[in-house]
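See below for the structure under consideration.
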Amino acid sequence: MQETIILTESSITDVVSVTSETTPATIAPLPAAELEVEKPEIVKPPVIKPEDDGSPKVSAFSLAGLRQKKELQETQRAMVRQTDELPREKFSETDMLLQWNKFAQRLSDTGQKIMATYMQINDPILEGTTIKLELPNKGSKVDFDSNKHELLGYLRGKLHNHDIVIDVHVNEVITSKHAFTPIEKFEKLKSLNPAVETLRKMFDLDI
């Protein structure tokens with residue numbers, strides 16, 4: 001059995017009154033400025049300008065700068081010590097000429113005829129630790145200087161003196177003293193070392 005609800009004028013008035021009192025008022029929107037969220041401040045790292053080689057600059061007064069300076073000084077001192085420890089034994093012009101001609105013969109035997117010819121155009125002269133050689137033109141001088149490093153290393157090693165240098169001068173009127181025949185070669189060797197003649201006689205060697 002359904003219950004019938006009868007609304008009277010007074011009851012309707014009460015309902016409206018209660019609804020208006022219990023319903024919350026419309027909330028007014030906040031200003032746009034108050035709705036903005038404060039953004040955090042972004043701190044950029046300092047820019048380090050690289051040196052020419054790509055590495056960052058190091059202050060000369062910083063610990064890293066002082067350490068690098070000390071390492072450089074140690075390296076330089078080590079290089080000086082290494083240079084000072086190289087042999088510097090005395091040698092004579094005869095010693096030099098003997099090794100000079102041995103190397104020229106080695107070049108000739110290995111097919112390096114041009115360099116061997118330059119070395120035997122005339123006998124070099126020794127002044128202190130400087131070996132002076134005269135060549136007939138600028139072209140031969142340039143060619144010799146470009147290929148003398150192996151010869152220089154050989155002489156420094158055989159004569160035990162790393163102060164040796166080779167100084168080449170151009171003299172267009174020099175007379176060639178190159179030994180072309182076996183007899184001329186033997187005579188040149190004999191003038192450098194008389195013991196060669198003794199060995200030839202001892203073993204009955206042909207020239």
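We're numbering straight along the sequence, starting at 1.
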Do [X] and [Y] come within less than 4.5 Å of each other through their side chains, counting heavy atoms only?
{"X": "Leu133", "Y": "His169", "result": "no"}
{"X": "Trp100", "Y": "Ile166", "result": "yes"}
{"X": "Glu93", "Y": "Ile125", "result": "yes"}
{"X": "Val170", "Y": "Leu135", "result": "no"}
{"X": "Pro136", "Y": "Asn171", "result": "no"}

Hey, does the side chain of [X] reach the backbone of [Y] with a donor-acceptor pair shorter than 3.5 angstrom?
{"X": "Arg156", "Y": "Asn161", "result": "no"}
{"X": "Asp95", "Y": "Ser92", "result": "yes"}
{"X": "Thr117", "Y": "Lys113", "result": "yes"}

Go through the steps for Glu89 and Leu159 under the test side chain to side chain contact (heavy atoms under 4.5 Å, CB included), then give the verdict. CA-CA 7 Å; Glu89 297 181 10; Leu159 298 173; over 6 Å; no

Yes or no on side chain to side chain donor-acceptor pair (under 3.5 Å) for Ser140 and Asn137, after CA distance, side-chain angles and deciding distance? CA-CA 6 Å; Ser140 59; Asn137 52 63; 3.1 Å; yes

Just how far is it from atom [atom1] of [X] to atom [atom2] of [Y], taken to the nearest 0.5 Å?
{"X": "Phe91", "Y": "Leu126", "atom1": "CZ", "atom2": "CG", "answer": "5.0 Å"}
{"X": "Leu107", "Y": "Gln112", "atom1": "CG", "atom2": "CD", "answer": "5.0 Å"}
{"X": "Met119", "Y": "Asn147", "atom1": "CE", "atom2": "CG", "answer": "11.5 Å"}
{"X": "Ile131", "Y": "Asp123", "atom1": "CD1", "atom2": "CG", "answer": "12.0 Å"}
{"X": "Met115", "Y": "Arg106", "atom1": "CE", "atom2": "CZ", "answer": "12.5 Å"}
{"X": "Leu155", "Y": "His160", "atom1": "CG", "atom2": "NE2", "answer": "12.0 Å"}

Those residues that, when tested against Asp145, pass side chain to side chain contact (heavy atoms under 4.5 Å, CB included) (two or more places apart):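 By the side chain to side chain contact (heavy atoms under 4.5 Å, CB included) rule, Asp145 matches Lys141, Lys148, Val168.
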
Residues that Thr130 engages under side chain to side chain contact (heavy atoms under 4.5 Å, CB included), provided they are two or more places apart: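 For Thr130 the side chain to side chain contact (heavy atoms under 4.5 Å, CB included) partners, ignoring immediate neighbours, are Lys132, Val165, Asp167.
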
Lys158: which of Lys102, Met96, Gln99 passes side-chain contact (heavy atoms from CB on, under 4.5 Å):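 Exactly one option meets the side-chain contact (heavy atoms from CB on, under 4.5 Å) with Lys158, and it is Gln99.
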
Selection residues 102-142 - residue pairs positive for ring-ring contact (aromatic ring centres under 6.0 Å, His included), sequence neighbours left out: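 Counting only pairs at least two positions apart or across chains, the ring-ring contact (aromatic ring centres under 6.0 Å, His included) contacts touching residues 102-142 are Phe103-Tyr154.
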
On a heavy-atom basis, which atom in Ala116 and which in Ala104 lie closest, and how many Å separate them?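 Closest approach of Ala116 to Ala104, heavy atoms only: CB-O, 3.5 Å.
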
